[in-house]
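Just so it is clear, the model here is predicted, and its values are computed rather than measured. Chain A is the first sequence line, chain B the second, and so forth, proteins listed ahead of strands; every chain is numbered from 1.
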Amino acid sequence: MLDIKYIREHPEEVKRGAQRKRIDIDIDHLLAVDSNRRTVLNEVEALRAKKNSASARIAGLTGADKQNAIIEMKETAAREKEQSVALKEIEEELQALMLRVPMPPADDIPDGGENDYTVLRTWGEPRKFDFEPLDHVELAERLDLFDLARGAKVAGSRFYYLRNEGALLHWAVCRYAVDQLTAKGFTPMTVPVLVKREAMVGTGYFPGGEDQAYKIPEDELFLVGTAEVPLCAFHADEILEEEELPKLYAGYSSCFRREAGTYGKDTRGIYRIHQFDKVEQVVICQNDVQTSINFQEQLQQNAEEIVQALGLPHRVIVGAAGDIGQGQVKKYDIETWMPSRTGYGETHSCSRFYDFQARRLNLRYRTKDGEIKFCHTLNNTAIASPRILIPILENYQQADGSVVVPEVLRPYMGGMDVIRKK
RNA sequence: GGAGAGAUGGCCGAGUGGUCGAAGGCGCACGCCUGGAGAGCGUGUAGGGUGCAAGCCCUCGCGAGUUCGAAUCUCGCUCUCUCCGCCA
């Protein structure tokens, strides 16, 4: 959410930001509703002030004077009530509009849509095979690492079981990522994966993303698509002290995504699935643009270090304005080389939001001078698995169908160095 | 799932229809005092909206209602605690 004052004072900038993000929103209408709200608010407040002073007077009156004052008061009370109802309706309309206004994207990101990203840097060389490489599905079948058919039988398409070294590898990458972050001062956390609507709205997924989230109507809860949601909402409605910032959280959670509208896309293997596990980095910091920028670089570096330690070729791209989320200012993705795609596939996503989420979450802090401000929030993937198993299996495969375990994962695999057919 | 108790400011806690955004205490901050510290004394100490400002308005878990007037009365909901049942 943006500051309504900012929208009043910089309407053109906000409109331009929405255009770059390709989000259709009528800012002039919003400002008209805002202006109307203030007019009606003034009337309501004047009536309430009248009511309050009359009420104090009545308390000191007796007999006929009191009765007359009460009769007069009745009329004021009725008018106040009527106007209050009107005010409430206007405020609800305004709030609904405010939730739709996008954060203007950074100036230094490209315009355009999904395919208009810029490549920032590339690390590693795609591996050249001197044999016919298998894709992760074939590798996993031979080594008995996944069971996709039974996943579909039990839960439907885009579900799976991990087995044997497949399961172990999955836990190994997750645990490796947690340990790397913990060493950097992040607090390891598990989180609720079912959350209330407010957490989804607070982080900016709702309104708009309802069709991508699993819902539990009976309990009015939603399955999260990322630990970002419960981690950012962790301090919702709180006022933190500046001294305790930044908050660095490493959240581990299962993630659930309906993937509505992707029928027929990425149907092979475990690339696009409804449920996966992810270690997520979340930062809650001071309300300062440069601080946010610095943390985004830091989160990005943390992720790149992990992918590099795993020895996986990858590149970093900057998402174009029309492709990034409503609340995001700037987004980096890491795309990791996946031989079966003969291309790079997204494995990480790093965003900064300034105070967009914090305003929705009512997440604030008290500065050393006693001023109360909204925090800034950022997040980035540390590892998302099993998707990351695709490049690991495919890049580390050998001619005999076995797969070498990346060195950094071996301590988490009981020292195993190669996954072989049983 | 069943029965009961409760929800007030950073914390404890008073307040059962009017002058209560709220006594008192603790904590915290500042000042006085002191060689210094402590004790003691004094002052201050929620968030939000609106306005140039003075001020005005809102908030006593949340929502609705009764009333001229609600922290106080009524209804619904949420959460916490105790007991029973069930369970990893």
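- Applying the 4.0 Å criterion to OP1 and OP2 of B/A64, one finds that A/Lys88 has a side-chain N or O inside that range.
- Here the nucleotide nearest the side chain of A/Arg38, chosen from B/A46, B/C57, B/U50, is B/U50.
- B/G24 and B/G42 have their P atoms separated by 12 Å, with the value rounded to a whole Å.
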Dump the intermediate steps for salt bridge (Lys or Arg N to Asp or Glu O under 4.0 Å) on A/Arg20 and A/Asp111, then the final yes or no. CA-CA 6 Å; A/Arg20 289 188 71 207; A/Asp111 283 321; 2.5 Å; yes
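- Summarising the geometry, the separation between CG on A/Asp3 and P on B/G48 is reported as 12 Å, rounded to the nearest angstrom.
- Between A/Phe222 and A/Phe206, the ring-plane angle classifies as perpendicular under the 30° and 60° cut-offs.
- The residue A/Ile239 sits close only to the backbone: its heavy atoms come under 4.0 Å of sugar-phosphate atoms, none of a base.
- Minimum atom distance to the side chain of A/Glu45 is reached by B/C56, of the listed B/C56, B/C58, B/G69.
- The pair A/Lys15-A/Glu12 meets the salt-bridge criterion, since a charged nitrogen lies less than 4.0 angstrom from a carboxylate oxygen.
- For B/C57, one of the phosphate oxygens OP1 or OP2 lies less than 4.0 angstrom from a side-chain nitrogen or oxygen of A/Asn52.
- Relative orientation of the A/His376 and A/Tyr354 rings is tilted, given thresholds of 30° and 60° on the angle between their planes.
- Nucleotide B/G35: unpaired (no Watson-Crick or G-U wobble partner with both distances less than 3.5 Å).
- Pairing for B/G44 is with B/C28, a Watson-Crick or G-U wobble pair whose two hydrogen-bonding atom distances lie under 3.5 Å.
- Nucleotide B/C57 holds its P atom 11 Å from the NZ atom of A/Lys51, rounded to whole Å.
- Here B/C62 sits opposite B/G76 as a Watson-Crick or G-U wobble pair (both hydrogen-bonding atom distances under 3.5 Å).
- The listed nucleotides are B/G49, B/G48, B/C56; the one nearest the side chain of A/Arg37 is B/G49.
- Contacts of A/Arg57 with the nucleic acid, taken as non-hydrogen atoms under 4.0 Å apart, are absent.
- When the C1' atom is used for both B/G61 and B/U78, the distance is 8 Å, rounded to whole Å.
- In this entry the distance linking CG of A/Leu87 with P of B/G48 reads 19 Å, nearest Å.
- Using N1 to N3 plus N6-O4 or O6-N4 for Watson-Crick, or N1-O2 and O6-N3 for G-U wobble, each under 3.5 Å, B/G55 pairs with B/U50.
- Among the nucleotides B/C57, B/G47, B/G18, the one closest to the side chain of A/Arg48 is B/C57.
- Only the P atoms considered, B/C20 is 15 Å distant from B/C57, to the nearest whole Å.
- The partner of B/A88, taking Watson-Crick or G-U wobble pairs whose two distances both stay under 3.5 Å, does not exist in any strand shown.
- Using atom P as the reference point in both B/C77 and B/A71, the two lie 23 Å apart (nearest Å).
- Annotation: B/G9 and B/C81 have their C1' atoms spaced 22 Å apart (nearest Å).
- When the P atom is used for both B/A46 and B/A23, the distance is 11 Å, rounded to whole Å.
- When the nucleotides B/G65, B/C68, B/C57 are ranked by their closest atom to the side chain of A/Lys81, B/G65 comes out on top.
- Using cut-offs of 30° and 60° for the angle between ring planes, the A/Trp337 and A/Tyr344 rings count as perpendicular.
- Contact annotation: A/Arg364 side-chain N/O to B/G48 OP1/OP2 distance is under 4.0 Å.
- Looking at heavy-atom distances under 4.0 Å, A/Arg8 makes contact with sugar-phosphate atoms alone, never a base.
- Rounded to the nearest Å, the gap between the C1' atom of B/U72 and that of B/U82 is 26 Å.
- Mapping A/Gly370 and A/Ile4 onto RNA chain B by nearest heavy atom places A/Gly370 at the nucleotide closer to the 5' end.
- A cation-pi arrangement is absent between A/Arg360 and A/Phe353 under the rule of less than 6.0 angstrom and at most 45 degrees off the ring axis.
- B/U16 is unpaired under the Watson-Crick or G-U wobble criterion, no partner having all donor-acceptor distances under 3.5 Å.
- Both A/Lys5 and A/Ala49 lie near RNA chain B, and the one whose nearest nucleotide falls closer to the 5' end is A/Lys5.
- The side chain of A/Leu41 has B/G49 as its nearest neighbour among B/G51, B/G49, B/A64.
- Here A/Lys368 lies out of heavy-atom contact (under 4.0 Å) with every strand.
- Pairing partner, B/A3: B/U82, with both Watson-Crick or wobble hydrogen-bond distances short of 3.5 Å.
- Comparing atom distances between the A/Ala59 side chain and each of B/G49, B/G51, B/G18 picks out B/G18 as nearest.
- The only option from A/Glu228, A/Gln326, A/Gln212 that meets the side-chain hydrogen bond (donor to acceptor under 3.5 Å, both in side chains) definition with A/Tyr205 turns out to be A/Glu228.
- With both ends at atom C1', the span from B/U34 to B/G38 equals 10 Å, rounded to whole Å.
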